[in-house]
Protein chains: 2
Amino acid sequence: MNVYERMKQALITGKYKPGDRLTEEALTEEWKVSRTPIRSALKQLEFDGLITPLKRGYIVRSFSQNDIRQIYDVRSLLEGYAASLSAIHRTEQDLSDMHKANEDFKTIIMSRGTNKTEHIQDVLKKNHKFHDTVIRASKDPHTEDLIRKVVVLPLVFHSFYWFEQRGLEQSFELHEVIIRAIEDQDSARARSAMHEHIYQGRDRVLEQLKRSDL
Amino acid sequence: MNVYERMKQALITGKYKPGDRLTEEALTEEWKVSRTPIRSALKQLEFDGLITPLKRGYIVRSFSQNDIRQIYDVRSLLEGYAASLSAIHRTEQDLSDMHKANEDFKTIIMSRGTNKTEHIQDVLKKNHKFHDTVIRASKDPHTEDLIRKVVVLPLVFHSFYWFEQRGLEQSFELHEVIIRAIEDQDSARARSAMHEHIYQGRDRVLEQLKRSDL
DNA sequence: AAACGCTTCATTGTATACAAAAAGAGATTT
DNA sequence: AAATCTCTTTTTGTATACAATGAAGCGTTT
């Protein structure tokens, strides 16, 4: 893993907290590389929207409740759109990839993993993999690119909510609905099911957030 | 203007053509700066999607007809969405900004400028300004950010079509429709008018392209 | 003559020194 | 006491040297 990947991980896992100042020299010491790769990583993280540039240096970005809403809302728009395209352009290969991805997802959520945080990471990865296959099937690399950008952000604040078993099982069910719609080339249904799925995720995050703020 | 801005301009105006190889050292000579700012600019242009990274170095990105379609289609989705949000969140200030921006647009397209390419640049700038005020009124910085990313690309291939007076006047008219819908807080109408407007732009570009390919 | 490995060359990755610019502290003026 | 100005310190911007790596050409082997 290069410096950028490692720093991203540090941001996602919360090692760096919102508002923390990031100076090149301090990072140089921390990651034991020179300022050149640090600068490169910082610029990339800025594009990802994970850090906020100041006149001098960066701070870790913080997200308001409103931010989270807006991010999930555009994401819903874009992924719904991608799903509707997939319903048109999907190949047999795409369909079997989706089925497999969602079976893997089911396997993970049904297993009570040994380590808690590790288990969450696995669930996250499998879920991501499913969404990826759906998006890939759209055959629209530009939309794919935009979604990738908007998907990194939620990672920062939802490492926790994945825990409620009920929500995970609902996710599995909606994944199935999405696949079926894409299989039937019912693009309107694929879109609305994807919208619904992402809004459910949004609401779970917002609810968690409201609870932890009290 | 910094190196990034200047290189972007060179890409947009066609000084660098699709497929051209871009090596750091050659650019160093051309722009009379060291490799450090060149590297920084290249990375940024990669994020913009204006250049394609190879295993070693970059080439200027080329766009197929299909690419252009897809890019305009997501752009339509996103800007339509932004317009619908603006219909909800717009302030009086936003409205007067839109009116002014479109008046400026009218003034430019009605004046037969002295220099042709200069005139096109002005038209482009005023049009961009109008879209900007609409997007700004949505009060959704994340959507704004995504749109910015998808809007740079068309610039590369549409420096030419703006010439037909008829199309420009149609644009002015649709801008007016969009403003009215936002004024009336009719978000569905704002969205569809924006969709329509961008699809018209898309079709003009595609038509031009088909003609010039023959 | 084709395939493989070796050598050389071109190009990017990294480290670091120096220049420029912004931020902060302290003194001076009003 | 508030404001401004300057000097010092901190931090980023730029240039450049060196290291690493991938690409291309060449010769040797089969």
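In what follows, chains are A, B, ... by sequence order, proteins preceding strands, each numbered from 1.
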Once you round it to whole Å, what is the distance between [atom2] of [N] and [atom1] of [X]?
X: B/Arg39; N: D/dT16; atom1: CZ; atom2: C1'; answer: 14 Å
X: B/Lys43; N: C/dT12; atom1: NZ; atom2: P; answer: 13 Å
X: B/Tyr4; N: D/dT14; atom1: OH; atom2: P; answer: 15 Å
X: A/Asn2; N: C/dT14; atom1: CG; atom2: C1'; answer: 13 Å
X: B/Tyr58; N: C/dT11; atom1: OH; atom2: P; answer: 16 Å
X: A/Glu24; N: C/dA21; atom1: CD; atom2: C1'; answer: 14 Å

Stepwise side chain to side chain contact (heavy atoms under 4.5 Å, CB included) test for A/Gln185 and A/Ile88: CA-CA 6 Å; A/Gln185 304 203 285; A/Ile88 301 170; 5.6 Å; no
Counting the benzene-type ring for Trp, do B/Phe130 and B/Phe105 have ring centres under 6.0 Å apart?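 Centroid separation for B/Phe130 and B/Phe105: 6.0 Å or greater.
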Mind checking whether A/His99 and A/His175 have ring centres under 6.0 Å apart?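 Judged by ring-centre distance (under 6.0 Å), A/His99 and A/His175 do not meet the cut-off.
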With A/Glu207, which of A/Lys210, A/Arg204, A/Arg211 fulfils salt bridge (Lys or Arg N to Asp or Glu O under 4.0 Å)?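 It is A/Arg211, the one option of A/Lys210, A/Arg204, A/Arg211 that forms the salt bridge (Lys or Arg N to Asp or Glu O under 4.0 Å) with A/Glu207.
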Is the ring pair B/Phe63/A/His142 parallel, tilted or perpendicular, if the boundaries are 30 and 60 degrees?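 Ring orientation of B/Phe63 relative to A/His142: parallel.
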Describe, in one word, how the ring planes of A/Tyr16 and A/Trp31 are oriented to each other, choosing from parallel (under 30°), tilted (30 to 60°) and perpendicular (over 60°).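 The rings of A/Tyr16 and A/Trp31 stand perpendicular, inter-plane angle above 60°.
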Could you pick out which residue, A/Arg56 or B/Glu25, lies toward the 5' side of DNA chain C when each is mapped onto its nearest nucleotide?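 Nearest nucleotide further toward 5': that of B/Glu25.
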Check each residue of residues 27-38 of chain B for a non-hydrogen atom within less than 4.0 Å of any atom in DNA chain D, then write out the ones that pass by number, or none.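 Here the set is B/Val33, B/Ser34, B/Arg35, B/Thr36, B/Pro37.
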